[in-house]
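Input: a single structure, listed below in structure tokens.
Here, residue 1 is the first one in the sequence, and each next residue gets the next number. It should be emphasised that the depicted structure is a prediction, and the values quoted were computed from it without experimental measurement.
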Amino acid sequence: MSLADLRLDQWRSLEPHAARRIAQEAARQVDGRVTAVETVEHLGAPLHRVRIERDGREFALIPGGTVALGLDLDAWRPSAEQAADYAESLEQGYGHGPDLRAHLAQVLSPRRSVCLATVLMAVRDEKLTEPPADMPAVLSARGLRMPTSDEWEHACGAGADTLFRWGDDIPSGVVPYDDATGPHQQPNGLGLRIAYDTYSTELTSDVTAAHGGDGGESVCGGYGWVLGWLPLATANRNPSMAEFAHGPDGEDLCEDFSTRPVLDL
């Protein structure tokens with residue numbers, strides 16, 4: 001079996017020694033070296049985390065296969081506190097719809113199944129050095145590429161079907177920027193530093209999507225507690241921020257955006 005065909009459910013079923021063997025093979029394929037293989041508790045079961053260093057940058061192994069993405073809004077319900085806070089934001093002129101579920105329907109990707117290859121993805125995002133349209137060529141010169149939007153979402157959620165990569169709950173009454181110990185500060189299930197700062201906006205090969213943050217817009221605009229956390233939602237594609245980033249105004253602000261390079265196996 002090619003490493004690119006490794007499925008997330010297969011990866012979860014492996015013993016640690018087998019996971020290490022796959023990590024070594026992945027490192028060999030990209031002329032890198034394994035820096036860590038560890039097993040953590042994730043979604044009630046063990047999950048292996050692999051880090052591979054190549055040219056001074058660390059990458060995590062992201063198993064693929066047929067995976068479910070997007071939030072199931074038919075099944076999801078906000079807490080009473082979340083619903084009340086959104087109602088207050090709506091009174092201030094913020095929000096897209098009469099309730100929080102209606103707002104999410106405007107900014108989240110739909111529930112769906114996609115088939116993804118296993119890849120190596122940078123543990124940390126890196127700032128753009130050129131306008132978004134020129135970044136594919138910049139990365140290609142280093143043997144890298146931008147992730148697809150589906151790859152980013154899968155890597156962030158790591159199999160979670162909740163609003164955020166850590167669950168549906170958020171620290172009460174505080175926005176992410178003011179919370180130095182919240183769940184967004186922890187590595188995700190696969191060891192990525194991802195969806196951690198609403199001031200950080202990650203771009204992918206999909207020009208209609210922006211992930212992981214909104215450039216601080218929600219915080220600076222005083223959108224409220226719940227809307228202040230939503231840029232970190234796994235399935236949030238922030239279409240308005242994507243339009244800005246890929247438009248003429250975004251070209252001169254490329255360093256305000258980042259991307260998460262991918263190594264194919």
Side-chain angles (χ1 to χ4, degrees), residues 1-70 111-126 139 142-162 164-167 183-196 202 204-205 211-212 234-235 259-265:
M1 179 188 71
S2 166
L3 287 187
D5 296 327
L6 179 67
R7 303 192 315 269
L8 180 59
D9 60 338
Q10 289 176 310
W11 182 242
R12 284 186 175 279
S13 70
L14 294 178
E15 295 294 330
H17 69 275
R20 179 169 290 277
R21 188 164 59 245
I22 287 177
Q24 295 288 356
E25 174 59 20
R28 185 193 65 78
Q29 288 190 20
V30 300
D31 295 323
R33 66 182 183 90
V34 176
T35 58
V37 180
E38 58 184 351
T39 303
V40 299
E41 175 96 359
H42 180 64
L43 303 179
L47 180 61
H48 310 297
R49 288 177 178 171
V50 167
R51 291 195 300 277
I52 292 173
E53 186 271 333
R54 177 182 179 269
D55 295 337
R57 175 168 290 279
E58 278 201 314
F59 294 83
L61 182 71
I62 312 297
T66 300
V67 297
L69 300 179
R111 190 66 171 172
R112 65 208 183 279
S113 292
V114 301
C115 187
L116 300 173
T118 293
V119 298
L120 297 177
M121 185 177 288
V123 171
R124 293 177 177 269
D125 56 313
E126 62 177 66
L139 292 174
R142 296 162 50 195
L144 304 168
R145 64 172 174 83
M146 297 176 81
T148 68
S149 190
D150 285 347
E151 286 174 330
W152 191 99
E153 188 177 325
H154 168 59
C156 180
D161 60 1
T162 47
F164 300 95
R165 57 181 173 81
W166 58 83
H184 60 306
Q185 298 292 349
Q186 303 303 314
N188 83 332
L190 293 167
L192 298 174
R193 171 85 161 145
I194 193 167
Y196 62 93
E202 297 188 34
T204 69
S205 60
H211 300 275
T234 302
T259 193
R260 192 169 294 265
V262 166
L263 265 171
D264 288 311
L265 292 170

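Contacts of His48 classified as ring-ring contact (aromatic ring centres under 6.0 Å, His included), with partners at least two apart in sequence or in another chain: Trp11. Residues passing the salt bridge (Lys or Arg N to Asp or Glu O under 4.0 Å) test with Arg49 are Glu38, sequence neighbours excluded.
Scanning all heavy atoms of the two residues, the minimum distance from Gln29 to Leu265 falls at OE1-C, 3.7 Å. In plain terms, the two heavy atoms of Ala155 and Asn188 that are nearest each other are O-ND2, 2.7 Å. When every heavy atom of Arg165 is checked against every heavy atom of Gln185, the shortest pair comes out as NH2-N, 4.4 Å. Taking each heavy atom of Cys156 and Thr234 in turn, the nearest pair found is SG-OG1, 3.9 Å. Minimum heavy-atom separation, Ala23 to Ile52: O-CD1, 3.7 Å. In terms of heavy atoms, Thr148 sits closest to Ser205 at CA-OG, 3.4 Å.
Residue Leu190 holds its CG atom at 7.0 Å from CG of Leu8, rounded to the nearest 0.5 Å. We find the OG1-CE distance between Thr259 and Met146 to be 3.5 Å, quoted to the nearest 0.5 Å. Here CD1 of Ile22 is found 8.0 Å from CD of Gln10. Values are rounded to the nearest 0.5 Å. Taking CG of Leu6 as the start and CG of Leu61 as the end, the distance is 6.5 Å to the nearest 0.5 Å. Taking CZ of Phe59 as the start and CG of Leu263 as the end, the distance is 4.0 Å to the nearest 0.5 Å.
Salt bridge status for Asp31 with Arg54: absent, with no side-chain N to carboxylate O gap under 4.0 Å. One finds no salt bridge joining Asp55 and Arg57 here, because no Lys/Arg side-chain nitrogen approaches an Asp/Glu carboxylate oxygen to under 4.0 Å. Between Arg20 and Glu15, none of the side-chain N atoms (NZ, or NE/NH1/NH2) sits under 4.0 Å from a carboxylate O, so this pair counts as no salt bridge.
When the options Leu192, Val50, Thr118 are evaluated for a side chain to side chain contact (heavy atoms under 4.5 Å, CB included) with Ile62, the one that passes is Leu192.
In this structure, Arg260 contributes its side chain and Glu202 its backbone to no donor-acceptor pair below 3.5 Å. Without hydrogens or angle criteria, Thr35 side chain to Arg51 main chain gives a donor-acceptor distance under 3.5 Å. In terms of modelled atom types and a separation under 3.5 Å, the side chain of Glu153 and the main chain of Asp150 share no donor-acceptor contact. A donor-acceptor pair is defined here as one N or O able to donate and one able to accept, closer than 3.5 Å; such a pair exists between the side chain of His42 and the backbone of Ala158. Side chain of Arg12 to backbone of Leu47: no donor-acceptor contact under 3.5 angstrom is found.
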Query - Worked verdict on His154 versus Leu69 for side chain to side chain contact (heavy atoms under 4.5 Å, CB included) - result: CA-CA 7 Å; His154 168 59; Leu69 300 179; 3.8 Å; yes
Requested in this report: Take Arg111 and Asp161, measure what side chain to side chain contact (heavy atoms under 4.5 Å, CB included) needs, and give me the verdict at the end.
Outcome: CA-CA 10 Å; Arg111 190 66 171 172; Asp161 60 1; 3.8 Å; yes
Query - Pair Val114-Val67, side chain to side chain contact (heavy atoms under 4.5 Å, CB included): steps then yes or no - result: CA-CA 6 Å; Val114 301; Val67 297; 3.8 Å; yes
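The shortest side-chain heavy-atom distance between Ser149 and His211 falls under the 4.5 Å cut-off. Contact check for Glu151 versus Met121: side-chain heavy atoms found under the 4.5 Å cut-off. The shortest side-chain heavy-atom distance between Leu116 and Arg7 does not fall under the 4.5 Å cut-off.
Side-chain atoms of Trp166 and Gln186 include no donor-acceptor pair closer than 3.5 Å. For Tyr196 and Asp125, the side-chain atoms include at least one donor-acceptor pair closer than 3.5 Å.
Counting only residues at least two apart or in different chains, ring-ring contact (aromatic ring centres under 6.0 Å, His included) contacts with residues 15-38 are absent.
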